[in-house]
**Q** 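Below are the structure tokens for one structure; questions will follow.
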Amino acid sequence: MPRIAEDRLPAQPSSPEQESRRQAILRAAAHHGAEKGLERVQMHDVAKDAGVAIATLYRYFPSKTHLFNALLSDRVKHLAESTPLPRPGVDRVQAVSDLLVEGGRELLSRPLLAHAMLQSNLAAVAQAGGVVTNRFSGLITQLLGVEHPSDAQARLVRITEAAWYGVLNAALNHHITAEQAEEDTRVACRKLLSGIEELA
């Protein structure tokens, strides 16, 4: 019988050793997710490959949804930390579209893992309001140079992000090609974000 996730928040690492174990779990999850997809990943296999007890895995990740949503959150955090602000004179909308295209390429290169992370993120958004979505929206507004977005600006950023997720899902389900996904992403950014600074 499948393990039922407890109704509790995942534990947070409180020492370098605990963070190291958490990262080992995420690496193992990425490996299994890329090979098998969400439904076929077994938590005990992830724990075994990460070198941790199954109880340790469930302490940090009460379910596969928590696990793959955390993996997506970790990827977005890394992306935010490694993405420099555009240099003066650089088109900021172009910078956002470049970011989304590169992020899309990375996700589409491992489609089963991308499905697992995006599906888990949708479930997490439905349950808890979408921490990953908020962090990614923050990265987009940062690239746009919008320090304190107005309601209208925040709405356009949300719609842009939703359009990108939709494009990725269309590509993952083979409704469009990877090349079409990139062009659709750039069109969405141009149409939605050009002139956004005027809505402050």
**Q** Working to the nearest 0.5 Å, report the span between CD of Gln119 and CG of Leu172.
**A** 11.0 Å
**Q** Give a yes or no answer on whether the side chain of Asn173 reaches the backbone of His175 with a donor-acceptor pair at less than 3.5 Å.
**A** no
**Q** Checking side-chain contact (heavy atoms from CB on, under 4.5 Å) for the pair Leu26/Arg22: CA distance, chi angles, key distance, verdict?
**A** CA-CA 6 Å; Leu26 291 176; Arg22 184 179 182 277; 3.6 Å; yes
**Q** Salt bridge (Lys or Arg N to Asp or Glu O under 4.0 Å) with Lys36: which residues, sequence neighbours excluded?
**A** Asp45
**Q** Checking Gln18 now: which residues fulfil side-chain hydrogen bond (donor to acceptor under 3.5 Å, both in side chains) with it, not counting sequence neighbours?
**A** Ser14
**Q** Please identify each residue that fulfils side-chain hydrogen bond (donor to acceptor under 3.5 Å, both in side chains) with Asp49, with sequence neighbours left out.
**A** His32
**Q** If the condition is side chain to side chain contact (heavy atoms under 4.5 Å, CB included), which residues does Asp151 pass it with, not counting sequence neighbours?
**A** none
**Q** Roughly how far apart are Leu67 CG and Tyr58 OH, rounded to 0.5 Å?
**A** 9.5 Å
**Q** If you measure from CG on Leu38 to NE2 on His115, what distance do you get to the nearest 0.5 Å?
**A** 10.5 Å
**Q** Locate the shortest heavy-atom distance separating Leu156 from Leu193; write the atom from each residue and the value.
**A** O-CD2, 4.2 Å
**Q** Could you pull out all residues at least two apart from Ala162 that satisfy side chain to side chain contact (heavy atoms under 4.5 Å, CB included)?
**A** none
**Q** Heavy atoms, side chains only, cut-off 4.5 Å: are His31 and Val46 in contact?
**A** no
**Q** Show your working on side-chain contact (heavy atoms from CB on, under 4.5 Å) between Ile196 and Val157 and close with a plain yes or no.
**A** CA-CA 9 Å; Ile196 193 172; Val157 169; 4.1 Å; yes
**Q** In sequence, state the C-alpha distance, the side-chain angles, and the governing distance for Cys189 and Thr160, and then conclude on side-chain contact (heavy atoms from CB on, under 4.5 Å).
**A** CA-CA 6 Å; Cys189 288; Thr160 302; 4.2 Å; yes
**Q** Determine whether Ile54 and Tyr60 fall in the same hydrophobic cluster, where Ile, Leu, Val, Met, Phe, Trp and Tyr are linked whenever their side-chain heavy atoms lie under 4.5 Å apart.
**A** yes
**Q** Considering residues at least two apart in sequence or located in another chain, which fulfil the side-chain hydrogen bond (donor to acceptor under 3.5 Å, both in side chains) criterion with Gln42?
**A** none
**Q** Could I get the full list of salt bridge (Lys or Arg N to Asp or Glu O under 4.0 Å) partners for Glu183, not counting sequence neighbours?
**A** Arg190
**Q** I'd like to know if the side chain of Arg92 and the backbone of Leu143 have a donor-acceptor N/O pair within less than 3.5 Å.
**A** yes
**Q** Quick check: is Val187 connected to Ile159 through a chain of hydrophobic side chains (ILVMFWY, heavy atoms under 4.5 Å apart)?
**A** no
**Q** Using atom types as modelled and distance alone, determine if a side-chain donor or acceptor of Ser73 lies under 3.5 Å from a backbone N or O of Asn69.
**A** no
**Q** Who are the side chain to side chain contact (heavy atoms under 4.5 Å, CB included) partners of Thr177, not counting sequence neighbours?
**A** Glu179, Gln180
**Q** Glu17: what forms a side chain to side chain contact (heavy atoms under 4.5 Å, CB included) with it, not counting sequence neighbours?
**A** Ser15, Arg21
**Q** Determine all donor-acceptor pairs shorter than 3.5 Å in which one atom belongs to a side chain in residues 94-109; sequence neighbours excluded.
**A**
unit_1, atom_1, unit_2, atom_2, d
Gln94, NE2, Asp98, OD1, 3.0
Ser97, OG, Gln94, O, 2.9
Ser97, OG, Arg186, NH1, 3.2
Asp98, OD1, Arg186, NH1, 2.8
Asp98, OD1, Arg186, NH2, 3.4
Glu102, OE2, Arg105, NH1, 2.6
Arg105, NE, Glu182, OE2, 2.6
Arg105, NH2, Glu182, OE1, 3.0
Ser109, OG, Glu106, O, 2.6

**Q** For Met43 and Leu57, run side-chain contact (heavy atoms from CB on, under 4.5 Å): C-alpha distance rounded to whole Å, both residues' side-chain angles, the deciding distance at 0.1 Å, then the answer.
**A** CA-CA 8 Å; Met43 295 290 265; Leu57 186 153; 3.0 Å; yes
**Q** Give a yes or no on whether Leu122 and Leu112 share a hydrophobic cluster (residues Ile, Leu, Val, Met, Phe, Trp, Tyr; joining criterion: side-chain heavy atoms under 4.5 Å apart).
**A** no
**Q** Other hydrophobic cluster members with Ile176, side-chain heavy atoms of Ile/Leu/Val/Met/Phe/Trp/Tyr under 4.5 Å, chained?
**A** Val167
**Q** If every non-hydrogen atom of Ala70 is compared with every non-hydrogen atom of Phe61, which pair is closest and at what distance?
**A** CB-CE2, 3.5 Å
